[in-house]
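Heads up: the structure comes next, in structure tokens.
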Amino acid sequence: MTTALSLRFPADFHFEHTIYSHGWCALFPFLVDRASGTLTRAVGDGASGSGVLRFSLPSQRRPRCELLTRGKPSAARLSAFASAARGILHLDLDLRPFHERMRTEPATEWIARARAGRMLRGETFFEDVVKMILTTNCSWSLTETMNARLVDTFGAEVAVGAKVAVGAEASSGSHLFPTAAAIADSSEDFLRREVRLGYRAPYVLELAHRVATGALDIESYRTADLSANELHRALRDIKGVGEYAASNLLKLLGRFDSLGLDSWCRAKFAELHNGGTVVPDSEIEAYYTRFEEWKGLVMWLDVTRHWYAEKFPF
DNA sequence: GCGTCCAGGTCTACC
DNA sequence: GGTAGACCTGGACGC
């Protein structure tokens with residue numbers, strides 16, 4: 001059955017600019033339908049408390065949010081699904097100070113006008129960390145492939161009695177992102193040989209073990225009253241999470257004071273600001289330093305500005 | 001075909 | 001603390 005979820009959206013919310021904010025919408029269990037402007041994904045615990053969230057236009061400011069489930073969800077489950085939806089769209093992030101700052105310069109005024117800056121997140125922070133590890137040192141297409149195999153192999157299937165997706169996407173699109181316990185129950189050899197994670201396999205397995213056993217309460221990072229530096233240190237303590245990954249994970253926690261440069265950002269910065277010649281990271285850092293606690297977000301929006309003017313690549 | 005390079009990096013050993 | 005080298009995969013490219 002389909003149930004409408006009532007979510008409170010911030011005044012500066014923009015649906016498409018959130019779901020296309022970075023590559024997560026192209027990674028299962030997210031599914032985007034560009035033609036209809038719809039984002040869907042399976043959420044829940046893998047049992048009766050599972051369903052599919054469907055966000056859709058017509059309104060960019062207040063998109064429709066529906067829940068597809070096999071039976072009627074209890075009030076408690078509805079509340080849990082609404083909470084998941086809020087987390088995925090990061091609705092609790094207050095971007096008003098950011099947009100106020102962006103309006104103070106002609107070069108960044110477009111960001112406030114576009115209501116850009118909110119980033120799509122996984123259902124759990126565990127999902128975000130695993131996906132970030134899968135982006136390291138490989139092409140984007142390989143990230144998509146590894147993630148799809150991971151979801152297919154370990155993600156519980158969610159049946160809601162309605163068609164969620166068609167064609168090749170139907171399978172992974174109706175699976176949950178794997179739990180830490182499901183991955184921890186595997187082996188490094190299996191993750192290398194079957195899921196083909198390569199040298200990332202021991203990193204993902206160790207993370208899954210730590211989370212599944214309770215040794216690492218990674219979900220608390222989303223609400224922890226820790227400084228950005230403390231969170232950064234905690235993230236760097238995860239094997240496979242280096243400077244790039246930690247900084248970009250901080251962005252998904254609403255902390256934007258580090259850049260999180262990768263080769264793509266460096267090349268894009270060079271193209272935009274230095275005639276195509278790559279510059280040292282220190283020069284990129286200096287360029288954005290005036291934006292202080294927002295510099296990581298300003299950098300990301302600067303190098304992806306053409307997406308907003310032309311076409312989102314996902 | 002086949003070899004090489006490298007892509008949305010990170011870790012470890014060594015200095 | 002700084003740096004070189006190893007590390008999986010798979011697509012692009014040159015031959």
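Throughout, protein chains are lettered first and strands after them, A, B, ... in sequence-line order, and every chain is numbered starting at 1.
Spacing between atom CD of A/Glu144 and atom P of B/dA7 amounts to 18 Å, rounded to whole angstrom units. One interatomic measurement links the two molecules: CG of A/Leu252 to P of B/dG8, which rounds to 18 Å at whole-angstrom precision. When the C1' atom of B/dG8 is taken as reference, atom CE of A/Met119 falls 12 Å away, rounded to whole Å.
Checked against the 6.0 Å centroid threshold, A/Phe28 and A/His175 do not count as a close aromatic pair.
Here A/Arg200 lies in heavy-atom contact (under 4.0 Å) with a base. The residue A/Phe269 sits apart from the nucleic acid: no heavy atom pair falls under 4.0 Å.
Atom P of B/dG8 sits at a distance of 13 Å from the matching atom of C/dC13, rounded to the whole Å.
Both tests pass for A/Arg34 against the ring of A/Tyr20: distance under 6.0 Å to the centre and angle within 45° of the axis.
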Name the pairs: protein N/O against N/O of nucleotides 10-13 of chain C, kept only if under 3.5 Å.
unit_1	atom_1	unit_2	atom_2	d
C/dG10	OP1	A/Arg149	NH2	3.4
C/dG10	OP1	A/Arg196	NE	3.3
C/dG10	OP2	A/Arg196	NE	3.2
C/dG10	OP2	A/Arg196	NH2	3.3

| query | Starting at the 5' end of DNA chain C, what dot-bracket string do you get if Watson-Crick and G-U pairs under 3.5 Å are bracketed, crossing pairs use [ ], other-strand pairs use | and unpaired bases use dots? | reply | |||||||.|||||||

| Which nucleotides of nucleotides 9-15 of chain B have their base under 4.0 Å from a protein heavy atom (B), which only their sugar-phosphate (S), and which neither (-), written as one string 5' to 3'? | BSSS---

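Judged by ring centres under 5.5 Å apart and planes tilted less than 30 degrees, A/Trp140 stacks against the six-membered base ring of B/dG8.
Between A/Tyr203 atom OH and A/Ile133 atom CD1 the span is 9.0 Å, to the nearest 0.5 Å.
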